[in-house]
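One structure below.
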Amino acid sequence: MKIVIVGGVAGGATAAARIRRLDENAEIIIFERSGYVSYANCGLPYYIGGEISDKEDLFLQTPEGFWSRFKIDVRTLHEVTKINRKRKTVTVLDKNAGNVFEESYDKLILSPGAKPVMPDFCIGDCSNIFTLRTVEDTLKIREFTDNNPIKTAVIIGGGFIGLEMAENLKNRSIDITVIQKGDHLLNTVDSDIASFVHTNLRTKGINILLNANVKSIENNMVVTDCQEIPADMVIVSVGVSPENTLAKDAGLALGVKGAIAVSDNMQTSDEDIYAVGDAVEVINFISKGKAVITLAGPANKQGRIAADNICGINSTYKGTQGASVIKLFDMTVASTGMTETQLKLSNIAYEKVILSPLSHAGYYPGATVMTLKVIFEKETYKILGAQAVGYEGVEKRIDVIATAIFAGLTADKLKDLELSYAPPYSSAKDPVNMAGFIIENMKNGIVGQFYYEDIPLLQKRDDITLLDTRTVYEYMRGHAEGFINIPVDELRERFTELDKSKPVYVMCQSGLRSYLATRILMQNGFDAYNFAGGYRLYGTMYYDEAKSKRAYDCGMEK
């Protein structure tokens, strides 16, 4: 059997190696249009910033390595320009020799990846405007920053690549501005979690401009709808689109966003052609809807599944949860499943909990606070997604919840998970368990919650009481408007100061003391609700909103 693979990197290279492990006699050819067949795509920004010093460390495998270990014929700088389905051949351009030839196949795997979206911003000289997707892109950016006196850089787009580039260019002492069209960075999380990201980036000296549209780039100036920003270089990172040209021209079925439609066996509408990676349409594991999700983990799995089916093993792809993590300086942000924004667009009724636990036992040195958010279906308690931000142990908790989602656990069952514990790593009640405890309490009517978005309306009402149960010192350092202060340790003696006919909305620093206060109040005849996330969340979101508004209206602030 002869298998031709179009594209290497994650999906194509994985498929090739898996086929060889299953079939020693198969003839396997990989055509890769770039000069590199298997490289650490996610590591590219760190070479630009100098965190990875040797570019050779980016290359996971070479054509020579593929041949010596797997006897796989890898031809870089060979671009497949056409699929001839009737003849079962592909037309190939050899970029080195400049000649065109045809190669036959029994089975064909498409792994063309995705291409950066490049809006028509540029007016005049575009030599200082870059996108980042391939090794060649990386080398161009590194060479440009090494050989030019770069003082200012603008990143257009606040996704993974954009923010990783912001960090790495900042590490080279370049003044950075990130421009985002939406109201927060990182669309893999909601605005509440993103507010911690904004605060951290500003602390590191990165300028953030939200709700801004780029109009043009000319004369080393990025022109938005509210201001002009000087830029010695510009990184455009506004998203990617599936590379579907070959599939479209060959008449293969396409799906959402023009991605290649595939079965759960990774088979296209042609039984002899498979497709994997960033170019394919997948099923969202949570909503069961069609989606395009560009992540390395799913691409690797899909490559293996396509190889299995070609070699006679019935293997299926279960869908994508979109689990992801990003390092931003000393901060970690991770998520899995769907966000509130996505759930609203899908008309899925949901509830959520937000908590601010310590990363490990508080008595052991070095514990840091994280913010963990778990979203679940209102009636069934099916886990729909989770997000976390902090400095230690963040990705661990999201990975546990991602596993729980895949296993079909309901959100209240998170309390039952037996997770490893020692003081340097966790607490006897892990943050994931604590989320489960809160959800079970909500399910049983032991506690009701309110959220940041509820507060503006609550502050206008005179038929309720807003109560802050932190210490007097904490309260004096900052509090939400309209909240009176009774420390939780004084509440049993002082709840007579409150009007029992009015519902009480309670806040503390993290949500724990306010929960204790709601239990005291409810057992003394009050209708009480706990603020999810605590003043730590409220203060971060409130000041982030104010800073973002000033940046948009009056010019950016660091």
Q: Verify whether one side chain among N300 and T14 offers a donor that lies under 3.5 Å from an acceptor in the other.
A: yes
**Q.** Greater than 12 external heavy atoms within 6.0 Å of R172's CZ
**A.** yes
Q) Does K288 make a cation-pi contact with F285 (under 6.0 Å, within 45 degrees of the axis)? A) yes
Q. So, H360 side chain and P424 main chain: donor-acceptor pair closer than 3.5 Å or not?
A. yes
Q. Can you tell if the side chain of C226 reaches within under 4.5 Å of the side chain of L209, non-hydrogen atoms only?
A. yes
(Q) Please tell me whether N213 and D225 have a donor and an acceptor in their side chains that are separated by less than 3.5 angstrom. (A) yes
Q | Distance, nearest 0.5 Å, that separates CD1 of I174 from CD1 of I150 | A | 6.0 Å
Q.
Whether the side chain of R492 engages the backbone of I520 through a donor-acceptor N/O pair (distance < 3.5 Å, no angle test) should be reported.
A. no
Q.
Run E167 and K170 through salt bridge (Lys or Arg N to Asp or Glu O under 4.0 Å) and show every step you take.
A. CA-CA 5 Å; E167 174 187 352; K170 185 65 180 178; over 6 Å; no
Q: Start with the C-alpha distance between D527 and K500, add both sets of side-chain angles, then the distance that settles side chain to side chain contact (heavy atoms under 4.5 Å, CB included), and finish with yes or no.
A: CA-CA 8 Å; D527 183 18; K500 196 171 286 189; over 6 Å; no
(Q) Quick check against the 3.5 Å criterion: does N200 have a side-chain atom that pairs as donor or acceptor with the backbone of F196? (A) no
Q: Go through K382 and E351 one step at a time and tell me if the salt bridge (Lys or Arg N to Asp or Glu O under 4.0 Å) criterion holds.
A: CA-CA 10 Å; K382 171 186 175 183; E351 262 291 2; over 6 Å; no
Q: Dump the intermediate steps for side chain to side chain contact (heavy atoms under 4.5 Å, CB included) on R133 and S237, then the final yes or no.
A: CA-CA 10 Å; R133 189 69 182 172; S237 180; over 6 Å; no
Q) Which word best sums up how the rings of F526 and F495 line up, parallel for under 30°, tilted for 30 to 60°, or perpendicular for over 60°? A) perpendicular
Q: Working to the nearest 0.5 Å, report the span between CD1 of I439 and CE of M442.
A: 7.5 Å
Q. When you check the gap from the basic side-chain N to the acidic O, do K373 and E340 get nearer than 4.0 Å?
A. yes
Q) Any idea which heavy atoms bring D175 and G205 closest together, and the distance? A) OD1-O, 4.4 Å
Q. Are any side-chain N or O atoms of T469 and backbone N or O atoms of M507, one a donor and one an acceptor, separated by less than 3.5 Å?
A. yes
Q) Are more than 12 heavy atoms from other residues, nucleotides or ligands located less than 6.0 Å from atom CD of E497? A) yes
Q. CD1 of I484 to CG of L466: how many Å apart, nearest 0.5 Å?
A. 8.5 Å
Q: Check whether the side chains of Y515 and N441 place a donor and an acceptor atom closer than 3.5 Å, and report yes or no.
A: yes
(Q) Within the structure provided, determine whether I208 and L210 are in side-chain contact (heavy-atom separation under 4.5 Å). (A) yes
(Q) Hydrogens and angles aside, do E392 and S359 bring a side-chain donor and acceptor to less than 3.5 Å of each other? (A) yes
Q) Between the side chain of K327 and the main-chain N/O of F329, is any donor-acceptor distance below 3.5 Å? A) yes
Q. Considering the options Y505, F531, Y475, which one meets the side-chain contact (heavy atoms from CB on, under 4.5 Å) requirement together with D468?
A. Y475
Q | Shortest non-hydrogen contact between L355 and P431, atoms and distance | A | CD1-O, 3.8 Å
Q | Between Y350 and F376, ring centroids under 6.0 Å | A | no
Q) Is there a donor in the side chain of Q509 and an acceptor in the side chain of R536, or the other way round, less than 3.5 Å apart? A) no
Q. Would the number of heavy atoms belonging to other residues, nucleotides or ligands and lying under 6.0 Å from OH of Y425 be above 12?
A. no
Q. Do any N or O atoms from the side chain of E490 and from the backbone of P487 form a donor-acceptor pair under 3.5 angstrom?
A. no
Q) Any chance CZ of F437 has more than 12 other-residue heavy atoms, nucleotides or ligands included, within less than 6.0 Å? A) yes
Q: Mind checking side chain to side chain donor-acceptor pair (under 3.5 Å) for K443 and listing every partner two or more places apart, or none if nothing turns up?
A: D412
Q: Verify the neighbour count for atom CD of E493: are there more than 12 heavy atoms of other residues, nucleotides or ligands below 6.0 Å?
A: yes
Q) Which heavy atom in L414 sits nearest to a heavy atom in N433, and how many Å separate them? A) O-ND2, 3.0 Å
Q. If only atom types and distance count, is the side chain of Q387 paired as donor or acceptor with the main-chain N or O of D190 below 3.5 Å?
A. yes
Q.
My understanding is that only one of L384, V400, I286 makes a side-chain contact (heavy atoms from CB on, under 4.5 Å) with I405; could you say which?
A. I286
(Q) Using the rule given for side-chain hydrogen bond (donor to acceptor under 3.5 Å, both in side chains), can you reason through N207 versus T177, listing the C-alpha separation, both sets of side-chain angles and the distance that settles it, and then say yes or no? (A) CA-CA 5 Å; N207 309 313; T177 297; 3.3 Å; yes
**Q.** Donor-acceptor side-chain pairing of D544 and T540 below 3.5 angstrom
**A.** no
Q) What heavy-atom pair brings G159 and L186 nearest, and what distance separates the two atoms? A) C-CD2, 4.2 Å
Q | Heavy-atom side-chain proximity of L185 to L163 below 4.5 angstrom | A | yes
Q: Using the side chain to side chain contact (heavy atoms under 4.5 Å, CB included) rule, take D278 and V292 through it: C-alpha gap first, then chi angles, then the decisive distance, then the call.
A: CA-CA 7 Å; D278 295 351; V292 179; over 6 Å; no
Q. Is a side-chain donor or acceptor of Y542 paired with a backbone partner of A480 at a separation under 3.5 angstrom?
A. no
Q. If you measure from CE on M434 to CG on L358, what distance do you get to the nearest 0.5 Å?
A. 8.0 Å
**Q.** Within 6.0 Å of OH in Y381, more than 12 heavy atoms from elsewhere
**A.** yes
Q) Should the pair D489-R513 be classified as a salt bridge under the 4.0 Å nitrogen-to-oxygen rule? A) no
Q) Would you say K415 has more than 12 foreign heavy atoms packed within less than 6.0 Å of its NZ? A) yes
Q | Shortest non-hydrogen contact between S346 and M338, atoms and distance | A | OG-CE, 3.7 Å
Q: Begin with the C-alpha distance, continue with both residues' side-chain angles, and end with the deciding distance and a verdict on side chain to side chain contact (heavy atoms under 4.5 Å, CB included) for I229 and I179.
A: CA-CA 10 Å; I229 306 160; I179 301 175; 3.6 Å; yes
Q) Nearest 0.5 Å, what's the CG-NE2 distance between N485 and H479? A) 8.5 Å
Q | Heavy-atom pair of closest approach, residues Y538 and Q459 | A | OH-NE2, 4.0 Å
Q | Check: R397 side chain, A334 main-chain N or O, donor-acceptor pair, under 3.5 Å | A | no
Q) Are the charged groups of K502 and D462 less than 4.0 angstrom apart, N to O? A) no
**Q.** Side-chain donor-acceptor contact under 3.5 Å, T224 with Q227
**A.** no
Q. Between T134 and D137, does any side-chain donor sit less than 3.5 Å from a side-chain acceptor?
A. yes
**Q.** Side-chain (D232) to main-chain (K151) donor-acceptor, under 3.5 angstrom
**A.** yes
Q: Take atom NZ of K204 as the centre, draw a 6.0 Å sphere, and report whether it contains more than 12 heavy atoms from other residues, nucleotides or ligands.
A: yes
